[in-house]
Amino acid sequence: MNFAGRVNVLSKSETQEINDRAAELKRKGRDLVDLGAGDPKFREPKQVRSAGKEAIEDGYTCYTEVGGNPNLRGAITERYKKVFEVDTSNLAVMTTVGAKSALFEIAQLLYEEGDEVILPRPYWVSYSAQVELAGGTPVFVMGKRDDHYLPTAADIEPKITPATRGILINSPANPGGGVYDENQTRDIVDLARKHDLFLVGDECYDGFVYERDRFWTLASSDYERVLIVGSTSKNFAMTGWRLGYIMGRTGYIDELEKIQSHLTSSPPAISQRAGEAAFRNELTLSRRLRERFKLKRDYLAKELSELPGVNCPSPPGSFYLFPDVRGTLTELGYEKNEDGKLAEVLLEDAGVVTVPGSAFGGPGHIRVAYLPDEDRLREAVGRIEGTIRSLV
Ligand SMILES: Cc1ncc(COP(=O)(O)O)c(C=O)c1O
């Protein structure tokens, strides 16, 4: 079959194999500790569930405005005013089917054949595929380990060429967990301004910052070529409701609505009502929940760092650790980039699911999500330690 050439840029997800194997082991009754998936393990808040049920009962189940209903959009803008003290007077919002379609639509709006787009490395897997589907060319830039690999303006600038059209930054980051502080973000905004580039900020994990005053949303910047992407998936544990959004200048949002009108029409009506309840009730992660995540992060980072060859910093955001396991790989007799082998051993021998860093362009690392309860994390640590110590 001859499919359109554009699908050639897509490869099957590198994580698929390990997920398929984990699913197979589970079917066979194996008890696995899942540190792999990025699906928050807590339930969405009960106000969200009630609002979704009410939407169904009220018959709010039809087509809606393309960019989402005005109450929901208003609730999102209010959240930025309240939580981040942003002056939103110049900003408009379009809601989307998750952050994934938000980023897809942005790529369709901004990039075409011959454009270069600067992306962080390690990266969330869809960034480069979306740029390539739009005809653009991804240019990756990796920051320093001390910054949890977040590229700074100084790292990005040498990558800028006459073909560069945009920069994408992700803070708090998946998989590295880094968070830009205000100065670092402002420097990147200044760089984009200097070179007249679009700047896209994926801020889906903005509820998971453990040093609260560290995070500075791009929505606070006065640069007009900025688009901010957010989501209900992580903050409110609403992955299956498929609700995200884009914030930016009205002119941009109008153009994005044209694209969305031919793509999804809008996010689902029911999810819009549920999302409004989430934003209105100020249901970002409660301080207690965040405190608990922080303790889990510190526990796991410390335990993993004590294993032979593992270097595991404790990053300031998201809910992932991204330990450097090159030392362990060497001790086990593997090449430094064979992180897939380690993930396989951890799955088969220890019954612990992790994701190889190579899947995110970060070979020599594994991604570990500290989402399970404390006792399951302790169980995971015991199993990983047993397996690694028995092999080195
Ligand atoms: C960095 C990042 N951006 C975007 C997304 C997509 O989120 P959504 O569920 O809103 O489509 C994810 C999901 O894992 C992510 O990790």
Side-chain angles (χ1 to χ4, degrees), residues 13-16 19 34-42 44 48 68 72 76 79 93-107 117 119-131 138 140 143 148-151 167-180 200-209 215 217-218 227-247 256 260 263-264 266-268 271-272 274-275 278-279 284 293 315-322 353-355 357 359-362 367-371:
S13 157
E14 288 182 54
T15 53
Q16 204 56 49
N19 286 342
D34 189 357
L35 308 181
D39 210 328
K41 296 224 169 6
F42 49 94
E44 70 279 75
V48 167
L72 168 62
I76 294 172
R79 172 177 186 264
V93 175
M94 175 177 100
T95 59
T96 59
V97 180
K100 190 172 268 189
S101 78
L103 290 158
F104 186 91
E105 291 168 85
I106 288 174
V117 185
L119 301 177
R121 178 193 190 97
Y123 42 72
W124 178 61
V125 287
S126 295
Y127 296 144
S128 55
Q130 293 180 345
V131 165
F140 296 106
H148 308 282
Y149 303 115
L150 284 185
I167 303 172
L168 183 147
I169 56 174
N170 172 216
S171 166
N174 173 13
V179 180
Y180 288 113
V200 180
D202 177 348
E203 300 182 351
C204 285
Y205 292 84
D206 67 11
F208 296 88
V209 182
F215 177 68
T217 170
L218 266 184
L227 288 165
I228 299 101
V229 173
S231 175
T232 57
S233 288
K234 315 290 171 174
N235 285 359
F236 308 120
M238 289 175 66
T239 46
W241 295 82
R242 309 306 304 131
L243 185 68
Y245 60 89
I246 305 171
M247 270 183 116
L256 285 161
Q260 180 148 292
L263 186 66
T264 57
S266 77
S271 304
Q272 292 187 39
F279 291 114
T284 41
F293 268 69
S318 78
F319 39 64
Y320 306 109
L321 301 175
F322 200 58
V353 188
T354 59
V355 187
F360 310 98
R367 192 189 75 174
V368 178
Y370 46 93
L371 290 161

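What you see is a predicted model, and the numbers here were worked out from it, not measured in a lab. Counting starts at 1 for both ligands and their atoms, in listed order.
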Undergrad: Judging by distance only, is a nitrogen or oxygen of A99 under 3.5 angstrom from one on ligand 1?
TA: yes

Undergrad: Decide, yes or no, whether a salt bridge links D202 with K100 under the criterion of side-chain N to carboxylate O below 4.0 Å.
TA: no

Undergrad: Look only at interatomic distance and state if N174 has a nitrogen or oxygen under 3.5 Å from any nitrogen or oxygen of ligand 1.
TA: yes

Undergrad: Which ligand 1 atoms does R242 reach within 4.0 Å, using its non-hydrogen atoms?
TA: 8 (P), 9 (O), 11 (O)

Undergrad: In terms of relative ring orientation, are F208 and F42 parallel, tilted or perpendicular, with 30° and 60° separating the classes?
TA: tilted

Undergrad: Roughly how far, to the nearest 0.5 Å, is the CZ atom of F360 from the CZ atom of R121?
TA: 13.0 Å

Undergrad: Which atoms of ligand 1 sit under 4.0 Å from any heavy atom of C204?
TA: 3 (N), 4 (C)

Undergrad: Using a 4.0 Å cut-off to any heavy atom of N170, which atoms of ligand 1 qualify?
TA: 1 (C)

Undergrad: Just need the protein heavy atom nearest to atom 9 (O) of ligand 1, so name the residue and atom and give the distance.
TA: S233 OG, 2.6 Å

Undergrad: Once the angle between the rings of Y245 and F279 is folded into 0 to 90°, is it parallel (under 30°), tilted (30 to 60°) or perpendicular (over 60°)?
TA: perpendicular

Undergrad: Taking the minimum heavy-atom distance to atom 13 (C) of ligand 1, which of M238, E203, K234 ranks first?
TA: K234

Undergrad: Any non-hydrogen side-chain atom of L103 less than 4.5 Å from a side-chain atom of W124?
TA: yes

Undergrad: Does any part of the side chain of Y127, heavy atoms only, come nearer than 4.5 Å to the side chain of P138, both counted from C-beta?
TA: no

Undergrad: Pull out every atom of ligand 1 sitting under 4.0 Å from any heavy atom of S231, numbered as shown with elements.
TA: 8 (P), 10 (O)

Undergrad: Against heavy atoms of Y127, which atoms of ligand 1 measure under 4.0 Å?
TA: 1 (C)

Undergrad: Within a distance under 4.0 Å of any heavy atom of G98, pick out the atoms of ligand 1 and give their elements.
TA: 10 (O), 11 (O)

Undergrad: At a 4.0 Å threshold, what atoms of ligand 1 neighbour a non-hydrogen atom of D202?
TA: 1 (C), 2 (C), 3 (N), 4 (C)

Undergrad: Looking only at protein heavy atoms, which one is nearest to atom 5 (C) of ligand 1, and how far off is it?
TA: W124 CZ2, 3.4 Å

Undergrad: Is ligand 1 under 4.0 Å from a heavy atom in the side chain of T239, in the backbone, in both, or in neither?
TA: neither

Undergrad: Look only at interatomic distance and state if K100 has a nitrogen or oxygen under 3.5 Å from any nitrogen or oxygen of ligand 1.
TA: yes

Undergrad: Using only heavy-atom distances, determine whether the side chains of D39 and T239 contain a donor-acceptor pair under 3.5 Å.
TA: yes

Undergrad: Would Y205 and Y320 satisfy side chain to side chain donor-acceptor pair (under 3.5 Å), going step by step from the backbone distance to the final call?
TA: CA-CA 11 Å; Y205 292 84; Y320 306 109; 2.7 Å; yes

Undergrad: Rounded to the nearest 0.5 Å, what separates atom CD1 in I106 from atom CG in L227?
TA: 4.5 Å

